[in-house]
Amino acid sequence: IGITVAYAALTQQLKIEGTAKVASSKWDVHFGTVSAGNAQGYATAGTLAKTGETTIAGDIGTLKAPGDSITYTFDIENAGDINAIIDTVTGGQSVTCTSATQSVADAVCKDLTYSIKYTDGNTTIAKGDQLAKATNSSTPTKKNVTLTLTYKSTATTVASEDVTVTADPMTITYVQDAK
């Protein structure tokens, strides 16, 4: 009987309780305004524009002669309160060409360059690129991007018929930056 009483006296219950909160947050990575196309040489700019917050699409424009180029600039913006980082980037660095005569399309295509890069000109958009959260609710963080289609000035021929140039679409996937 004495051992049972002593055992009961040495028993202690521990209890842990608590509450937590998940605060509201905002995820908002999107494209900013697309500039009007800047055409050089005999080129004419098209109607490339935002078709939604996360899509830029449309006619880039028309190139006519070697040395022509068309350039658009736009921002990738983070208006949210969570840091973002690029998880994947696919496409966006090549074109395909078609025309009534495939040899004409092939000749033109080899003389075109297409790129989508950060506006500093040296940096390609790549996995691991960070986009910090907005400074405040009305000031998104931005990265300026340039899309350029160029008919190389070293080209020795011009198209003898119209060639349709289709840009390889670029898809950029941002995810939460856990750092």
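Nothing fancy with the numbering, it's 1 onward along the sequence.
Interatomic distance, D177 CG to L131 CG, rounded to the nearest 0.5 Å: 10.0 Å. One distance of note links OG1 of T148 with CD1 of I116; it measures 9.5 Å at 0.5 Å rounding. Residue T71 holds its OG1 atom at 11.5 Å from CG of L48, rounded to the nearest 0.5 Å. In this structure, the separation between OH on Y72 and CG on L149 is 9.5 Å, given to the nearest 0.5 Å. Atom-to-atom distance recorded for T157:OG1 and K110:NZ is 6.0 Å, nearest 0.5 angstrom. Atom CD1 of I86 is separated from atom CG of D129 by 4.5 Å, given to the nearest 0.5 angstrom.
Under the 4.5 Å side-chain heavy-atom criterion for grouping Ile, Leu, Val, Met, Phe, Trp and Tyr, V165 is not connected to Y42 through any hydrophobic cluster. The hydrophobic clustering, which links ILVMFWY residues whose side-chain heavy atoms are closer than 4.5 Å, places I85 and Y118 apart. Put simply, V175 and I76 are part of two different groups of oily side chains (I, L, V, M, F, W, Y) that touch within less than 4.5 Å, one to the next.
Within the 4.5 Å cutoff, side-chain heavy atoms of V104 are placed close to those of V163. Looking at heavy atoms from C-beta onward, L147 lies in side-chain contact with F74 at the 4.5 angstrom threshold. At least one side-chain heavy atom of P66 sits less than 4.5 Å from a side-chain heavy atom of V158. Side-chain contact between D87 and K127: present, with at least one pair of heavy atoms (C-beta onward) separated by less than 4.5 Å.
Listed for the D111 side chain is no donor-acceptor partner under 3.5 Å among the backbone atoms of K152. In terms of modelled atom types and a separation under 3.5 Å, the side chain of D81 and the main chain of S25 share no donor-acceptor contact. T47 contributes no side-chain N or O that, together with a main-chain N or O of G58, makes up a donor-acceptor pair within less than 3.5 Å. Panel note: side chain N83, backbone K133; a donor-acceptor pair is recorded below 3.5 Å. Side-chain atoms of T51 do not come within 3.5 Å of backbone N or O of A57 as any donor-acceptor pair. In this structure a side-chain-to-backbone donor-acceptor pair under 3.5 Å is missing from E161 to S99.
The pair D75-K143 fails the salt-bridge criterion, with no side-chain N (NZ, NE, NH1 or NH2) lying under 4.0 Å from an Asp/Glu carboxylate O.
Scanning both residues, W27 and A84, for their nearest heavy atoms gives CH2-CB, 3.6 Å. Closest approach of T55 and F31 over heavy atoms only: N-CD1, 3.7 Å. Of all heavy-atom pairs between P140 and E77, the closest is CG-OE1, 3.8 Å. When all heavy atoms of T44 and I70 are compared, the pair lying nearest together is O-CD1, 3.4 Å. Here the closest non-hydrogen pair linking A159 and V108 is CB-CG2, 3.7 Å. Contact detail for D168 and G91: the closest heavy-atom pair is OD2-CA, 3.1 Å.
Annotation: ring-ring contact (aromatic ring centres under 6.0 Å, His included) contacts of Y174 (sequence neighbours excluded): none.
In this structure, a donor-acceptor pair under 3.5 Å is present between the side chains of T119 and T146.
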